[in-house]
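Naming convention: chains lettered A, B, ... in sequence-line order (proteins, then strands); numbering from 1 in each chain.
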2 protein chains.
Amino acid sequence: MPAFRMNAKAILQSHIAKTTSLSDDEFDYFFSHFKPQSYKKGQTIIFPGDAVEYEYFVLDGCLKSFYQTDQGKMFILQFAMPTWWASDYEALYNGTRATTHVDCITASEVLCLSSADREKLCREVHAIEFFFRWRTNRGYVAAQKRLLSFMHHDARQRYEEVLRLYPQLYNVVPKQLIAAYLGVSRETLSRLYQP
Amino acid sequence: MPAFRMNAKAILQSHIAKTTSLSDDEFDYFFSHFKPQSYKKGQTIIFPGDAVEYEYFVLDGCLKSFYQTDQGKMFILQFAMPTWWASDYEALYNGTRATTHVDCITASEVLCLSSADREKLCREVHAIEFFFRWRTNRGYVAAQKRLLSFMHHDARQRYEEVLRLYPQLYNVVPKQLIAAYLGVSRETLSRLYQP
DNA sequence: CACCGATAGTGATGTAGGTCACACGATCGC
DNA sequence: GCGATCGTGTGACCTACATCACTATCGGTG
């Protein structure tokens, strides 16, 4: 059994413990609602049009969530490296159909938590509700900063910012996906790092 | 005493009630932590560099939060119309200094809630923590959608999207501020609606 | 009432980045 | 071991938008 499977519980626990105090019993209860899952490289977890039931906590590998136009152009909303979370949150929170894809950049191991279980856990354990509030607060602030970055930085500055914020991505993620995250063409990105 | 002052409590209560069930006693307790405040047109509520203690629930008027470059270029992160919330959330959540401004587009009436009181209320009343989690979830999803809009729509499409999403803004907010929200120059915006 | 600041329209010109086309090396499946 | 596919670089050209400069209008205030 691979390391991340054996350690799934420890990985999630130390992730939670950074912000939230749960007793061992509370954490055991929390953890019992997660379902481990393996995906192959390139496998799609959420398709547009799907009913979205789960969010995914990444143990190993790397996911991306993205929107795709009719012409096949891809815009990446988020990468998800180990200890990050991913889903189509608009669909998950509103109970609507997915408008984005979530798929695997590399083979990945995740823990799945259903929206129903998340809400149940939040109702039952106040500290868990705190954790999810805190987590979204972080995501919200990060999204605002990325918006600002779109508004007042050019492609090169945004590229350098991404490398600075997420150096792990550089070795794992093909450049054309970085370009799709930055909102520029791969050709433009390729021209940024030479002159 | 103006209407929004008399009705402040009712406005906040009906805002909360859309998502969260609070007993009258719980709501009274919640409301007792808010401090009413009036601002004049053009007045600044948060300056960059400030320690940020409060977030603001708008009863009447219109606020904007924005980042300003050294050369004076302005990028608007958010407008806040009645029943919307505003602050420098990065500073508020992290306890760091403000990097953005918050000021009044028109004379405004707000209710101020300190971060310390928010956290206290969230600890004491589970339903209040639910409310704030829910609120940030919405904000997060909205920010993601705006990010996508930046990536795959041009200026005209973003303009039409804003008018569709926030028709109230059209009558209240000068076009150059809409431009600063869209991330285009006021000249470009002006050229969009004629050819 | 006359002036001023804020807001908005418009022309001329520059440029970052998109698009299309093609070439090249690295991987991967058979 | 070989062809197909993927990721990447690069050249030629085009377009959406920025910038600067000027003008016009309007609401408020001495």
Side-chain angles (χ1 to χ4, degrees), chain A residues 40-44 61-62 64 66-76 79 101 103-107 147-163 169-195, chain B residues 40-44 61-62 64 66-76 79 101 103-107 147-163 169-195:
Chain A
K40 284 185 261 189
K41 176 174 176 171
Q43 201 173 345
T44 298
C62 185
K64 66 179 189 284
F66 62 97
Y67 177 81
Q68 198 158 30
T69 65
D70 302 339
Q71 301 83 42
K73 284 195 61 176
M74 179 193 295
F75 300 97
I76 294 182
F79 295 108
H101 302 247
D103 69 14
C104 299
I105 296 176
T106 65
L147 272 168
L148 264 186
S149 187
F150 263 101
M151 289 195 268
H152 79 282
H153 289 146
D154 63 20
R156 161 170 276 124
Q157 290 171 309
R158 296 207 301 281
Y159 180 58
E160 282 160 8
E161 196 173 13
V162 166
L163 291 190
L169 290 178
Y170 191 79
N171 309 307
V172 176
V173 175
K175 297 239 170 61
Q176 50 178 322
L177 296 186
I178 307 264
Y181 180 85
L182 295 174
V184 299
S185 68
R186 54 164 206 84
E187 293 95 329
T188 295
L189 181 64
S190 164
R191 287 172 174 117
L192 290 182
Y193 38 75
Q194 24 236 17
Chain B
K40 284 184 261 187
K41 177 173 175 171
Q43 201 174 344
T44 297
C62 184
K64 65 179 188 287
F66 62 97
Y67 177 80
Q68 198 158 30
T69 65
D70 302 340
Q71 300 83 40
K73 284 195 61 176
M74 178 194 293
F75 300 97
I76 294 181
F79 296 107
H101 302 247
D103 69 14
C104 299
I105 295 175
T106 64
L147 272 168
L148 264 187
S149 187
F150 264 102
M151 290 195 268
H152 79 283
H153 289 145
D154 63 19
R156 158 170 279 123
Q157 290 171 309
R158 296 207 301 282
Y159 180 57
E160 280 159 10
E161 197 172 13
V162 167
L163 291 189
L169 289 178
Y170 191 78
N171 309 305
V172 175
V173 175
K175 298 239 169 65
Q176 51 177 321
L177 296 186
I178 307 263
Y181 180 84
L182 296 174
V184 297
S185 68
R186 54 163 207 86
E187 294 94 329
T188 295
L189 181 62
S190 164
R191 288 184 241 264
L192 290 182
Y193 37 75
Q194 23 236 18

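- Across all strands, A/G42 comes closer than 4.0 Å to no nucleic acid atom at all (heavy-atom distances).
- With distances taken from any side-chain atom of B/T188 to the nucleotides D/dC17, C/dG17, C/dT7, the minimum falls on D/dC17.
- Checking the phosphate oxygens (OP1, OP2) of D/dG9, a side-chain nitrogen or oxygen of A/S190 falls inside 4.0 Å.
- Between A/S185 and the phosphate of C/dT19, there is no side-chain N or O to OP1/OP2 separation shorter than 4.0 Å.
- Looking at B/R186, its side chain never comes within 3.5 Å of a backbone N or O of B/A179 through a donor-acceptor pair.
- Note: NZ (A/K40) to P (C/dC28) measures 15 Å, nearest angstrom.
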Exercise. Does the side chain to side chain contact (heavy atoms under 4.5 Å, CB included) test come out yes or no for B/K64 and B/V173, once each step is laid out?
Worked result: CA-CA 10 Å; B/K64 65 179 188 287; B/V173 175; over 6 Å; no
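- The nearest whole Å value for the distance from the OH atom in A/Y193 to the C1' atom in D/dG9 is 8 Å.
- A/K41 comes within contact range of no nucleotide atom at all, as no heavy-atom separation falls under 4.0 Å.
- Summarising the geometry, the separation between CZ on A/R191 and P on C/dA16 is reported as 13 Å, rounded to the nearest angstrom.
- Each of A/E187 and B/D154 has a nearest nucleotide on DNA chain D; the 5'-most of these lies closest to A/E187.
- For the side-chain contact (heavy atoms from CB on, under 4.5 Å) with A/L182, the qualifying choice from A/R158, A/H153, A/Q157 is A/R158, the only one to do so.
- A/Q176 places its CD atom 14 Å from the C1' atom of C/dA26, with the value rounded to the nearest Å.
- The NZ-C1' distance, from B/K175 to C/dT10, rounds to 15 Å in whole Å.
- Note on ring orientation: taking the six-membered ring where Trp is involved, the planes of A/H101 and A/F66 are parallel (angle under 30°, cut-offs 30° and 60°).
- For the pair A/K73 and C/dT19, the criterion of a side-chain N or O lying under 4.0 Å from OP1 or OP2 is met.
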Exercise. Are A/L189 and A/Q176 close enough, and set up right, to give a side chain to side chain contact (heavy atoms under 4.5 Å, CB included), and what steps lead you there?
Worked result: CA-CA 8 Å; A/L189 181 64; A/Q176 50 178 322; over 6 Å; no
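- One axis for each end of the helix from C/dC1-D/dG30 to C/dC30-D/dG1, each built from five base pairs, and the angle between them comes to 40° at 10° resolution.
- One interatomic measurement links the two molecules: CE of A/M151 to C1' of D/dC17, which rounds to 16 Å at whole-angstrom precision.
- Taking all atoms of both residues into account, the shortest heavy-atom contact from A/L177 to A/F79 is O-CZ, 3.7 Å.
- Here C/dC20 presents its P atom at 12 Å from CZ of A/R186, a figure rounded to the nearest Å.
- If you take CG of B/L182 and P of D/dA18, they are 10 Å apart, rounded to a whole angstrom.
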Exercise. Can you list the steps and then say if B/K175 with B/Y170 is a side chain to side chain contact (heavy atoms under 4.5 Å, CB included)?
Worked result: CA-CA 8 Å; B/K175 298 239 169 65; B/Y170 191 78; 3.9 Å; yes
